[in-house]
Amino acid sequence: MDLIDQLLGLHTETLNTGQMIARAIVIFLVALVFIRVSGMRTLGTQTAFDHLTLLVLGAILGRAVVSAQQPFFPSLAAVLTLVLLHRVASLITFKSHFMGKLFKGDPLLLIENGKFNEKNLRRSNITKEDLKESLH
């Protein structure tokens, strides 16, 4: 256990380069497992719900890599909790149309019959150029 403590810098005031590298490797591997637990929708969709989850996970995991003041294993536990909550919310929104609308909002059709839907582009604050760029 002392080796893991020293390798990850679990009880130090500052982290050295090797400890940050070790933390980055552990965080990468654990995050990969957590993303697999969360399911593909975390990376496969573009809803605010999914982006928020990724943003919070990135913030917690990033601090766990570079900050000796950020508790390492409790950070991983917090991320696992968020991943599991995301998974549960995904299942709920899959089963319930009402909850899906509550969590994700209503989808807007931006292209219809090969033509831009100007009204929905304006409602979304998306330009034709933004949409074309996203489609590439």
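Note that the numbering runs from 1 along the sequence shown for the chain.
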Rounded distance (nearest 0.5 Å) linking atom CZ of R87 with atom CD1 of I92: 12.5 Å
Set of salt bridge (charged side-chain N to carboxylate O under 4.0 Å, His left out) partners for E118, sequence neighbours left out: K128
Which pairs pass side-chain hydrogen bond (donor to acceptor under 3.5 Å, both in side chains) with one or both residues in residues 61-80, sequence neighbours excluded? R63-Q70, Q70-S75
Would you mind reporting whether L57 and L82 have side-chain heavy atoms less than 4.5 Å apart? yes
Answer yes if V88 and F98 sit in the same cluster of Ile, Leu, Val, Met, Phe, Trp and Tyr residues linked by side chain heavy atoms under 4.5 Å apart, and no otherwise. yes
Counting C-beta onward and ignoring hydrogens, is there a side-chain heavy-atom pair between I27 and F72 closer than 4.5 Å? yes
Please list, chain by chain and in numerical order, all residues satisfying side-chain contact (heavy atoms from CB on, under 4.5 Å) with E133, sequence neighbours excluded. none
Side-chain touch L61/L76, heavy atoms, less than 4.5 angstrom: yes
Taking only residues two or more places apart in sequence or in another chain, which ones pass side chain to side chain donor-acceptor pair (under 3.5 Å) with N120? none
A22: side-chain contact (heavy atoms from CB on, under 4.5 Å) partners, not counting sequence neighbours: L7, L8
Keeping to residues at least two apart or across chains, list the side-chain hydrogen bond (donor to acceptor under 3.5 Å, both in side chains) pairs with something in residues 18-32. none
So, taking the atom named CG in L55 and the one named CD1 in I60, what distance separates them when rounded to the nearest 0.5 Å? 10.0 Å
Heavy-atom nearest pair, N125 first then D130, reads O-OD2, 4.5 Å
Return each pair, listed once, that meets side-chain hydrogen bond (donor to acceptor under 3.5 Å, both in side chains) where at least one residue sits in residues 8-17; pairs must be two or more places apart or across chains. D5-H11
Got L84 and L80 here, is their nearest side-chain heavy-atom distance under 4.5 Å? yes
L3 with F73, same ILVMFWY side-chain cluster at under 4.5 Å: no
Side chain to side chain, N117 and L110, heavy atoms closer than 4.5 Å: no
T127 side, atom OG1; F116 side, atom CZ - distance, nearest 0.5 Å: 9.0 Å
Transitive ILVMFWY side-chain link M99 to L91, under 4.5 Å: no
Residues in side-chain contact (heavy atoms from CB on, under 4.5 Å) contact with A77, at least two apart in sequence or another chain: none
Same apolar cluster: L102 and F94, side chain cutoff 4.5 Å: no
Can you name the residues that form a side-chain contact (heavy atoms from CB on, under 4.5 Å) with M20, not counting sequence neighbours? L15, V66
Same apolar cluster (I L V M F W Y, side chains within < 4.5 Å links), L131/L109: no
